Amino acid sequence: MQQIFEAINRVFDFVVPVSDFFWDFPTNLAWYQRIPLLGNFSLAIILLVGSGIFFTVKTGFIQVTHFKKGLKILARKKSEEAGLSPLTAFFLSSAMRVGPGNILGVTGAITVGGPGALFWMWISAFFGMATAYAEAVLAQIFKEKKEDELIGGLPFYGKRLLKNSAAAGVFLSVMFIVYAMCCLPAQGYNVVSSIGEMAQLVSGRTFSNDAWFYYVIAVILIGVTTYIAFGGIKKVTKVTDKMVPVMAVLYVATVLVLILLNLNRIPYFFAAVFGGAFSPEAVFGGAFGTVLAQGVKRGLMSNEAGQGTITMAAGAANSEHPCEQGVVQSIGVFLDTMVICTLTGFVVVMAHLWSGSEGEAFMALDKLPKFLASAKELTPGTAMNAVIALSITVCFCLFAFTCLVGMISFSEIAANRITRKKGFINGVRILGIAITAFGIFCSIAGIDLSNLWAISDLGNILIVFANIPLLYIGTKYILRATRHYKQKDGTPFTSKAVGTKCGYWDLRR
């Protein structure tokens, strides 16, 4: 069995250079590297940050001016009509946003790019809030009604924006399903390994990878995932409604305890982050590209602004106006990066284990052990070490599980753009469960399929290259909807407001 897993890993070896090529292009070309300053910026970074700046300016800094409005929308009572409430859609999108990347991605970015990478996460997230707004508005404008559910997102607005091309809708649906399937093994792997870590922390025992305990957990996890997946989006939202608030509050509370125990290190944190981002050797030397790329790349892996992958949740929401869910989704980026990722950054930076005499041993650790080692460094010689480690591992497990069920659910929505036949939808669910099981048994086999992270990176950047151009094609509709929203003249949103057919909104009037 081990030989099989290792063979699979070798097959995927080619993905690493391909993924790096797309993320680094054209900074991997000698002539481009020689361009002062610009030579540090890859096309991916220009697209992501540049588009965020574009939509921020065009919408009048909507992520700032309507932030409070977004909070009020989240507090609104659930409608009895079809679709999800704005709050439920927010939790569903957060289930995918607030994933293991909030710990692994940030830890990895700081390890490779230094503390300055966190600053560029903040910058990309601030402008990414406007990008998330734009794609969510498009998802709402072009959403459709399926029985008592609302469906929409990247494949739906992609089809409409590309001259109502059915082929474009199918292509984007397939692209998202492939992206989700590439991410699922790692999430299954993370859930099982974190449960094992929790069991060891609680019992004080060490379990071998092939212990019966892991097989029991595997069977239970596959059974629970199957039950949730075949319950459809409503079953998934019942899970995310409960888990997302719990995991967010628990994680924030845990890290705040660590910060309170280390108040004297806070000045060092800000000095390290801003110094790493703006030191002369970083800006004018080769390190700048690494710091910037790590910040933006891992920021995207976490908040997904610009990918179009969260738009399925936005399209499923029952909103009074398309722009309402846009504002709500921008808050999701804020929660993910400005809050959750920043707290992770506090722990890793304040522990400062990546340099000095302990640096070599720290670099040799996997990302989760790196983070746990950092947390332990901030609670030295206290009885809280085990409590903090357990709390962080519980959060990591919840992050991975909600991300897992979210991806299966969003794949189902994407599948609806291809066909709404029940057999096909069930086939996509079964495929997601089978690939999740593969990741689970990789964990039990003790195999680290590290190349799966490269596949995820490749899926991320390919979807960005597909989604960002669509946002520019749909800019006129986004801005017309935004103007109508800001007018507050009481007129209902219909096709007339944006100048294109909006079947759902015209029927809703």
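Quick caveat: nothing in here was measured; it's all calculated off a predicted structure.
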Between [X] (side chain) and [Y] (backbone), is there a donor-acceptor pair under 3.5 Å?
X: Arg160; Y: Phe142; answer: no
X: Ser409; Y: Val405; answer: no
X: Asn467; Y: Gly306; answer: yes
X: Asp506; Y: Ser495; answer: yes
X: Ser391; Y: Val387; answer: no
X: Arg429; Y: Gly231; answer: no
X: Asn190; Y: Ala186; answer: yes

A side-chain contact here means heavy atoms from C-beta on lying under 4.5 Å apart; do [X] and [Y] qualify?
X: Leu154; Y: Ile463; value: yes
X: Phe67; Y: Ile62; value: no
X: Leu378; Y: Leu261; value: no
X: Ile433; Y: Leu184; value: no
X: Leu398; Y: Tyr251; value: no
X: Thr494; Y: Trp505; value: no
X: Cys182; Y: Val178; value: yes
X: Leu138; Y: Thr311; value: no

Could you go through the side chain to side chain contact (heavy atoms under 4.5 Å, CB included) check for Leu48 and Ser124 one step at a time? CA-CA 8 Å; Leu48 290 166; Ser124 64; over 6 Å; no
Determine, step by step, whether Phe156 and Lys143 satisfy the side chain to side chain contact (heavy atoms under 4.5 Å, CB included) criterion, reporting the C-alpha distance in whole Å, the side-chain angles of both residues, the deciding distance to 0.1 Å, and the verdict. CA-CA 7 Å; Phe156 294 82; Lys143 69 183 178 183; over 6 Å; no
Stepwise side chain to side chain contact (heavy atoms under 4.5 Å, CB included) test for Ile222 and Thr436: CA-CA 8 Å; Ile222 293 170; Thr436 299; 6.0 Å; no
Quick one: do Phe401 and Ile228 satisfy side chain to side chain contact (heavy atoms under 4.5 Å, CB included)? Show the steps, please. CA-CA 11 Å; Phe401 183 71; Ile228 294 172; 3.8 Å; yes
Can you tell me if Phe171 has over 12 outside heavy atoms packed within less than 6.0 Å of its CZ?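 It does not: Phe171 CZ has 12 such atoms or fewer within range.
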A quick test of your reading: do over 12 heavy atoms of other residues, nucleotides or ligands sit less than 6.0 Å from NZ of Lys486?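 Enclosed: over 12 neighbouring heavy atoms sit under 6.0 Å from NZ of Lys486.
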What's the verdict on ring-ring contact (aromatic ring centres under 6.0 Å, His included) for Tyr133 and His66, showing C-alpha distance, side-chain angles and the deciding distance? CA-CA 11 Å; Tyr133 167 85; His66 284 64; 8.0 Å; no
Do you know which two heavy atoms are closest between [X] and [Y], and how far apart they sit?
X: Met121; Y: Thr337; result: O-CG2, 3.6 Å
X: Gly315; Y: Leu150; result: O-CB, 3.7 Å
X: Ser319; Y: Gln325; result: OG-OE1, 3.4 Å
X: Ile388; Y: Val257; result: CD1-CG1, 4.3 Å
X: Ala466; Y: Met175; result: CB-SD, 3.8 Å
X: Ala44; Y: Ile461; result: CB-CD1, 3.4 Å

Tell me whether Lys159 is salt-bridged to Glu144, with the criterion being a basic N under 4.0 Å from an acidic carboxylate O.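 Looking at Lys159 and Glu144, the cut-off is not met.
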For the [atom1] atom of [X] and the [atom2] atom of [Y], what is their distance to the nearest 0.5 Å?
X: Leu258; Y: Thr254; atom1: CG; atom2: OG1; value: 7.5 Å
X: Ile151; Y: Asn416; atom1: CD1; atom2: CG; value: 4.5 Å
X: Lys69; Y: Cys323; atom1: NZ; atom2: SG; value: 11.5 Å
X: Met338; Y: Ile331; atom1: CE; atom2: CD1; value: 13.0 Å
X: Lys58; Y: Ile478; atom1: NZ; atom2: CD1; value: 11.5 Å
X: His321; Y: His484; atom1: NE2; atom2: NE2; value: 5.0 Å

Aromatic centroids of Phe493 and Tyr485 separated by under 6.0 Å: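 No.
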Quick check on side-chain contact (heavy atoms from CB on, under 4.5 Å): which of Val137, Leu471, Ile141, Leu162 does Tyr157 satisfy it with?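 When Val137, Leu471, Ile141, Leu162 are each tested with Tyr157, the side-chain contact (heavy atoms from CB on, under 4.5 Å) holds only for Leu471.
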Between Phe54 and Tyr472, does a ring-ring contact (aromatic ring centres under 6.0 Å, His included) hold up when you go through it step by step? CA-CA 10 Å; Phe54 174 81; Tyr472 284 104; 5.1 Å; yes
Audit row: Phe371, Phe396, ring-ring contact (aromatic ring centres under 6.0 Å, His included) steps and yes/no: CA-CA 11 Å; Phe371 186 71; Phe396 182 81; 9.2 Å; no
When you check the side-chain N and O atoms of Gln63 and Thr56, is any donor under 3.5 Å from an acceptor?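 A donor-acceptor contact under 3.5 Å links the two side chains.
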Going by atom types only, do Thr342 and Trp122 share a side-chain donor-acceptor pair under 3.5 Å?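 The answer is yes; a qualifying pair exists.
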Classify the angle between the aromatic ring planes of Phe270 and Phe346 as parallel (below 30°), tilted (30 to 60°) or perpendicular (above 60°).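 Rings of Phe270 and Phe346: perpendicular, over 60°.
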One pair to check against side-chain hydrogen bond (donor to acceptor under 3.5 Å, both in side chains): Tyr179 and Ser411. What are the steps and the verdict? CA-CA 9 Å; Tyr179 154 79; Ser411 295; over 6 Å; no
